Number of protein chains: 2
Amino acid sequence: MYDILICVNMQAGDNKMIVEKILQKSGLKKTKGRVQILGLLVNANKPLSIEEIECLVGTDVHFVTLYRMLHQFAKSGIVYQTDLRKGKVHYELQKKHHHHIVCSICGVQEDVPMCMDALQASVASRSKKFNAIDNHVLEFFGVCKKCS
Amino acid sequence: MYDILICVNMQAGDNKMIVEKILQKSGLKKTKGRVQILGLLVNANKPLSIEEIECLVGTDVHFVTLYRMLHQFAKSGIVYQTDLRKGKVHYELQKKHHHHIVCSICGVQEDVPMCMDALQASVASRSKKFNAIDNHVLEFFGVCKKCS
DNA sequence: TTTAGTGCAAAATCTTTGCAGGGTA
DNA sequence: TACCCTGCAAAGATTTTGCACTAAA
């Protein structure tokens, strides 16, 4: 988890600072590309697919670099990989753990602040093969108000 | 949901019957390939990736047919598409709704019979963009007893 | 200066499409 | 027979790798 959590009331321009802190903390070098991509993810506030990122960033970052960067970010725990049933992996900044509701028609997303951490222990206790559970994925699907 | 639900105490050999019923019910023609693939999924009792299915079935079914079949099955509600964070989509027979615990190391899976249907309504009620939620995905991750 | 990061080309994977022949109802 | 299903070939899309060059610390 990053300092972004305690910066909720910051101005938009301060995103640059957030990005720098994230990179600093992870020990990754601060390059133009990384700043740009992380900036996008900070602003996006929702999971982005590689395709979407590629589109937003234009030709500034080579797609090979993009793949390498996102792998690196995921490995460093900076971003989080989510599947939203669109056939493609999406990446999201690793903020406070939360979930999403996704519209099956237009794909619009909404954050669900609630979390099931408490549930994990109870599930683990009833498991035969597992002693503990350390993570989970939870996504909701429905039709949004606009589409219904 | 299929008759498989009320056949829990059947013998292994009866899988053939299950498969036939599924195909019959969905209006899909009964072909050698479909029977074979559905048979695999009935036996597997866990989500299988296309790669795994391809491996199990050998050269009997062309991979193009496999892709087409699984799309068709998913469209007809016979199978269900799951993401287990292995980078590839997995398909599972659409049985009673349930979830999985997946070992982050060896990939072994266990079913979690519990479900969050009740939760959906409460999440929906707190949502701004959605009136109702009609589905969800929930997967747990941990390290299994053997690996820990 | 040293090492991590990047771009480019090309390979490797994975998935989809068009079309002609074959099998099921 | 009529139409769905399959196999094959090939295209398309997505992701990864190797290598030389560049830039951050």
Side-chain angles (χ1 to χ4, degrees), chain A residues 16-17 19-41 47-91, chain B residues 16-17 19-41 47-91:
Chain A
K16 204 176 150 191
M17 220 178 66
V19 168
E20 285 179 10
K21 283 204 173 173
I22 293 176
L23 288 174
Q24 209 171 15
K25 200 160 185 173
S26 65
L28 298 173
K29 287 182 180 172
K30 178 186 156 194
T31 69
K32 212 178 79 182
R34 280 181 180 157
V35 170
Q36 200 171 353
I37 303 301
L38 280 181
L40 277 183
L41 289 168
L48 296 176
S49 68
I50 291 201
E51 196 184 357
E52 286 168 325
I53 298 175
E54 218 175 333
C55 181
L56 286 169
V57 87
T59 54
D60 286 357
V61 177
H62 198 272
F63 76 93
V64 170
T65 306
L66 193 51
Y67 276 100
R68 283 198 269 231
M69 263 171 36
L70 290 171
H71 282 183
Q72 178 70 70
F73 288 165
K75 197 173 152 195
S76 306
I78 296 175
V79 301
Y80 184 79
Q81 212 173 318
T82 319
D83 171 68
L84 298 176
R85 279 212 198 144
K86 294 176 185 169
K88 284 173 196 164
V89 173
H90 285 60
Y91 292 90
Chain B
K16 205 177 150 192
M17 220 177 66
V19 168
E20 286 180 9
K21 282 203 176 175
I22 293 176
L23 288 175
Q24 210 171 13
K25 200 159 182 174
S26 65
L28 297 173
K29 286 183 181 171
K30 178 186 157 193
T31 70
K32 212 178 80 184
R34 281 181 180 157
V35 169
Q36 199 171 354
I37 302 302
L38 280 181
L40 277 182
L41 290 167
L48 296 176
S49 68
I50 291 201
E51 196 184 357
E52 287 169 321
I53 299 175
E54 219 174 333
C55 181
L56 286 170
V57 87
T59 55
D60 286 356
V61 177
H62 198 273
F63 75 94
V64 170
T65 305
L66 194 51
Y67 276 102
R68 284 198 270 230
M69 262 171 37
L70 290 171
H71 281 183
Q72 177 71 69
F73 288 165
K75 199 175 152 195
S76 306
I78 296 175
V79 301
Y80 184 79
Q81 212 174 318
T82 319
D83 172 67
L84 298 177
R85 279 210 199 146
K86 294 176 186 168
K88 285 172 196 165
V89 173
H90 285 59
Y91 292 91

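Numbers restart at 1 for each chain; the letters A, B, ... are given by sequence-line order, proteins then strands. Here the structure is a predicted model, which means the values were calculated and not measured. All values below come from the heavy atoms of this structure, side chains included, with hydrogens, waters and symmetry mates left out.
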Check: For dC5(D), does either OP1 or OP2 sit under 4.0 Å from a side-chain N or O belonging to H62(B)?
Finding: no
> Distance check: side-chain N/O of R34(A) vs OP1/OP2 of dG5(C), anything under 4.0 Å?
Replying inline: yes
Rounded to whole Å, CD1 of I50(A) lies from P of dT14(D) at a distance of 10 Å
Q. Side-chain contact, heavy-atom cut-off 4.5 Å: L56(B) with L48(B)?
A. yes
Rounded to whole Å, CD1 of I37(B) lies from P of dT6(D) at a distance of 10 Å
- Apply side-chain contact (heavy atoms from CB on, under 4.5 Å) to the pair Y67(B) and V64(B), showing each step before the final yes or no. CA-CA 5 Å; Y67(B) 276 102; V64(B) 170; 5.8 Å; no
Rounded to whole Å, the NZ-P distance (K75(A) to dT16(D)) equals 13 Å
Ranking dT6(C), dT24(C), dC8(D) by distance to the side chain of M69(A), first place goes to dT6(C)
Note: V19(A) and G39(A) closest approach over all heavy atoms is CG2-N, 3.7 Å
Regarding the side chain of V64(A), the nearest nucleotide among dC8(C), dG23(C), dT6(D) is dC8(C)
Nearest heavy-atom approach of S76(B) to L28(B) is OG-CD1, 4.2 Å
Whole-Å distance, K29(A) NZ to dA25(D) P, equals 7 Å
Rounded to whole Å, CD of Q36(A) lies from C1' of dT6(C) at a distance of 14 Å
Q. So what does K30(B) hit on the nucleic acid, given a heavy-atom distance under 4.0 Å: a base, only sugar-phosphate, or nothing?
A. sugar-phosphate
Picking from dC19(C), dT15(D), dC5(D), the nucleotide nearest the side-chain atoms of R68(B) would be dC19(C)
Among the nucleotides dG7(D), dA10(D), dT6(C), whichever has the atom closest to the side chain of F63(B) is dA10(D)
Note: K30(A) and L23(A) closest approach over all heavy atoms is CA-CD1, 3.9 Å
Looking only at dC5(D), dC19(D), dT16(D), the nucleotide nearest the Y67(A) side chain is dT16(D)
Rounded to whole Å, the NZ-C1' distance (K32(B) to dC4(D)) equals 17 Å
Rounded to whole Å, NE2 of H71(A) lies from C1' of dT17(D) at a distance of 12 Å
Hey, is the side chain of T31(B) poking within less than 4.0 Å of OP1 or OP2 on dC4(D), counting only N and O atoms? no
From CG of L66(A) across to P of dT16(D) the rounded distance in Å is 12 Å
